[in-house]
2 protein chains.
Amino acid sequence: MSSDVEHMRSGRAIATGGGRRGTGVDSGTVATLPVVARNPVPAPRLTKQAVLVEAIALLDEEGDEALTMRRLADRLGVVPMALYRHVANKDELIDGVLDLAVSEVQLPSSRLGWRSGLRELGHSVRRTMLAHPGLVAPLVTRPSLGSSGLAIGEYGLAVMLDAGFSVEHADRGPKAVLTYTIGFVALEVPRRRQGFSADGADAPGLDFPVEQLDPERFPHTIAVRPRAAEFVSDAQFDYGLERVLDGLAAVQPTGKPTQRTTTGVRGGGARRR
Amino acid sequence: MSSDVEHMRSGRAIATGGGRRGTGVDSGTVATLPVVARNPVPAPRLTKQAVLVEAIALLDEEGDEALTMRRLADRLGVVPMALYRHVANKDELIDGVLDLAVSEVQLPSSRLGWRSGLRELGHSVRRTMLAHPGLVAPLVTRPSLGSSGLAIGEYGLAVMLDAGFSVEHADRGPKAVLTYTIGFVALEVPRRRQGFSADGADAPGLDFPVEQLDPERFPHTIAVRPRAAEFVSDAQFDYGLERVLDGLAAVQPTGKPTQRTTTGVRGGGARRR
DNA sequence: TTGACATGTGTACAGCGTACACAGTTTGAT
DNA sequence: ATCAAACTGTGTACGCTGTACACATGTCAA
C-alpha cells in the first residue's frame, strides 16, 4: 500500500506521523481570545502525504502539464512556497507521486506459477499506469526506483526462482517483461491521448494519411495498413507479452516442464494459458 | 555542418544589442568602413534544416534541459523569435529534431533473415537513441511518427513476410521488438545519466543502499543483489531481445525453419547455453 | 518605382520554479 | 510562568521560459 512513502530517509527525523501533536497546555498571550475559542482540533496541517495525494489527483484530472507548484498549492488552499516545507523541490514531488502510483500496482498471487504470474504482473502494471497517464513520462524519465518498485522486482524474482529458473534468468526474465510492459505503455499513452479511431481509418501517430505513402518505399506498410492503428490495442500488448513469455519458456530449465501448450505449432493466438 | 552561423550584414548599423552574437566567425574588422559596403551575396538565410541540426547538436552537447529557444537562437547568432519563422513552436521543433534522429537509424541489410534482421534493427535503434539521450523522452512522449519511423516499420514488415510469417505476426512481431527496445532505452538512459558503478557496488536507481532493505520483504532481492546494477547493461538488453525473438520463433510457421542462429551476432552475449 | 512578400529584430507578457526574509503557532527547557 | 527554539505557512522578488505582436529590413515581380 501507499503508506511507506517517506521512511526511506536514512535518518528518522522526518517522521511526520499523524498524531503527535499534544494538547495545548499553555495559554499565554492568547488571552485576548475567549478561552473557548481555542480550537481543540490541532488543525489539519499540510503533510507530505496530503501534498502527494492532491498532486496525483491534479495530475489525473488535468493532465501532466497542469501539475505546477502554483496550481497544486491553490488546490490545497495554500501559498506555493508552503509546499516547499514538505518537498524539497518539484523533482522530489514527482518522485513521490510516482512512487505513490507504483505502490498501487497489485501484485498477483504468488501461487500463480511463473508464466501466469508474470503475465498478470504485466497487466497489473499497465493497468495502473493507464490509470495515471500523466505519470508515464516521469516513470521512464526518472532513475529513481522507490520501495514499491522494489516489491515488484521481488515478486518477479520469487516467482521465477520458485519455478526453478536459474538466478540469471530469474533476475533478467522479469526485467525483460517489465521493460516490454513499460515500453508499451509509454508508447501507448500519448497515442491514446490524441484521439484515434480503432477501426484504423486513420493510423494514429502518422503525420499524414496512408494514402499518400510512396508505394515504392512502403509497399508492405500500405498493404497491411488496417493494422497500423493497432499499435495501442490490448491485443497488441498481449501479443508482445506472450512472445516474451514464450521466450522465457524456451530457456526454462528442462527439469520442470511447464504447461506451455506444447506444439511449437503456430497457434498464433495471443493468449495461451 | 553546424557552422553556418551568421553572416552579419555589414551595412546594417542598427545595432541589435551590443556584445552578444559572439559566436564568432568572421570579420572583426568592419565597423566604420565605407558605407557602400553592400553585401551582394544573398546571405545564407536560416533554414529549418539548419535550425534542427543546431538543435540536435545543442541537445547532444548540453542535455535536454539546455534546449531552449533562446539558447538555440544564440547558437545560431539570431534573436529567439527568428526561429519562429521556421518552426511553428517548440513542439514542432522537437518533433523535427526527433525525426531527424530517427532518420539516422541504420536499417540492417534486407538479406539478413527475420531473426538477425530484427535483432540488428533493435541494436541499431538502441545505438541511435543512446547517441542522442536527450531525445529519448520525446521519443516515448510524442505520438508523432515521421516518415523515418515508417521506414523502420516497413523493414520489419518486409523481413517477417519474407520469412513466411502471417500478416498478423509480421505486423505485430516487429512492433513487439521495437516496443521492447524503446522501453529498454527509455529506462536505460536516465540510469546512465546518474553515474553508477558497473560492479553493482551500489544499485542504480535505488534511493538507498541494499543493506538496509528489510530482509523479510525483500529476501530474493537481497540475495541477488549484485545483479541489480545490471538493469542498464548491454547483456540485459540482449537477453530480453533474444527472449522476444525466441517468442517469435515459437510462433513461426513450420513450413520454413529458420536458422536459429547461435552464431556471431556481435559480442552481445546473452546466449543460451 | 512600387509594393508585396519573406525574414530577422525588439519589446513585452504571463507563467514557471524557487530563494529569502518574515510571522504565527507550538513545543521544550527553565 | 516564561522564554527561546522549532516548525510551518506567507509575501515578495528574481531569473528563466515560450511566444504574441508590431516593426525593420532585404528581395523580387510588375
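A note on names: the letters A, B, ... follow the listed sequences, proteins ahead of strands, and every chain is numbered from 1. Treat the numbers as computed from the prediction; the structure is a model and nothing was measured.
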Which residues share a side-chain contact (heavy atoms from CB on, under 4.5 Å) with A:Ala137, sequence neighbours left out: B:Thr141
Distance in angstrom units between A:Asp74 CG and D:dG11 P, rounded: 13 Å
Between the OG1 atom in B:Thr47 and the CG atom in B:Leu52, the distance rounded to the nearest 0.5 Å is 8.0 Å
Sorted by chain and residue number, the side-chain hydrogen bond (donor to acceptor under 3.5 Å, both in side chains) partners of B:Asp91 (sequence neighbours excluded) come out as B:Arg142
Value in whole Å for how far the P atom of C:dT7 lies from NZ of B:Lys48: 13 Å
Contacts of B:Thr221 that satisfy side-chain hydrogen bond (donor to acceptor under 3.5 Å, both in side chains) - sequence neighbours left out: A:Glu154
Whole angstroms only, please: what is the NE2-C1' distance between B:His86 and C:dG8? 8 Å
Using side-chain hydrogen bond (donor to acceptor under 3.5 Å, both in side chains) as the criterion, list what pairs up with A:Arg75, not counting sequence neighbours. A:Glu54, A:Glu61, A:Glu62
Rounded to whole Å, CZ of B:Arg45 lies from P of D:dG26 at a distance of 11 Å
Polar atom pairs (N or O), protein with nucleotides 21-25 of chain C, under 3.5 Å:
none

How would nucleotides 14-19 of chain D be written as a contact map, 5' to 3', with B for base contact, S for sugar-phosphate-only contact and - for no contact, using protein heavy atoms under 4.0 Å? ---BBB
For A:Leu93 and C:dC16, give me the distance from atom CG to atom C1', rounded to whole Å. 14 Å
Could you go through residues 124-134 of chain A and list every donor-acceptor pair under 3.5 Å that involves a side-chain atom there, pairing it with any protein atom two or more places apart or in another chain?
residue	atom	partner	partner atom	Å
A:Ser124	OG	A:Gln106	N	3.2
A:Ser124	OG	A:Gln106	O	2.7
A:Arg126	NE	A:Glu188	OE1	3.0
A:Arg126	NE	A:Glu188	OE2	3.4
A:Arg126	NH1	A:Asp234	OD1	3.2
A:Arg126	NH2	A:Glu188	OE2	2.6
A:Arg126	NH2	A:Asp234	OD1	2.8
A:Thr128	OG1	A:Ser124	O	3.0
A:His132	ND1	A:Asp60	OD1	3.0
A:His132	ND1	A:Asp60	OD2	2.8
A:His132	NE2	A:Glu104	OE1	2.8

Contacts of type ring-ring contact (aromatic ring centres under 6.0 Å, His included), residue B:Tyr155, not counting sequence neighbours: none
Atom pair distance, as rounded to whole Å: CG in B:Leu46 and P in D:dT27: 16 Å
What residues form a ring-ring contact (aromatic ring centres under 6.0 Å, His included) with B:Phe218, not counting sequence neighbours? none
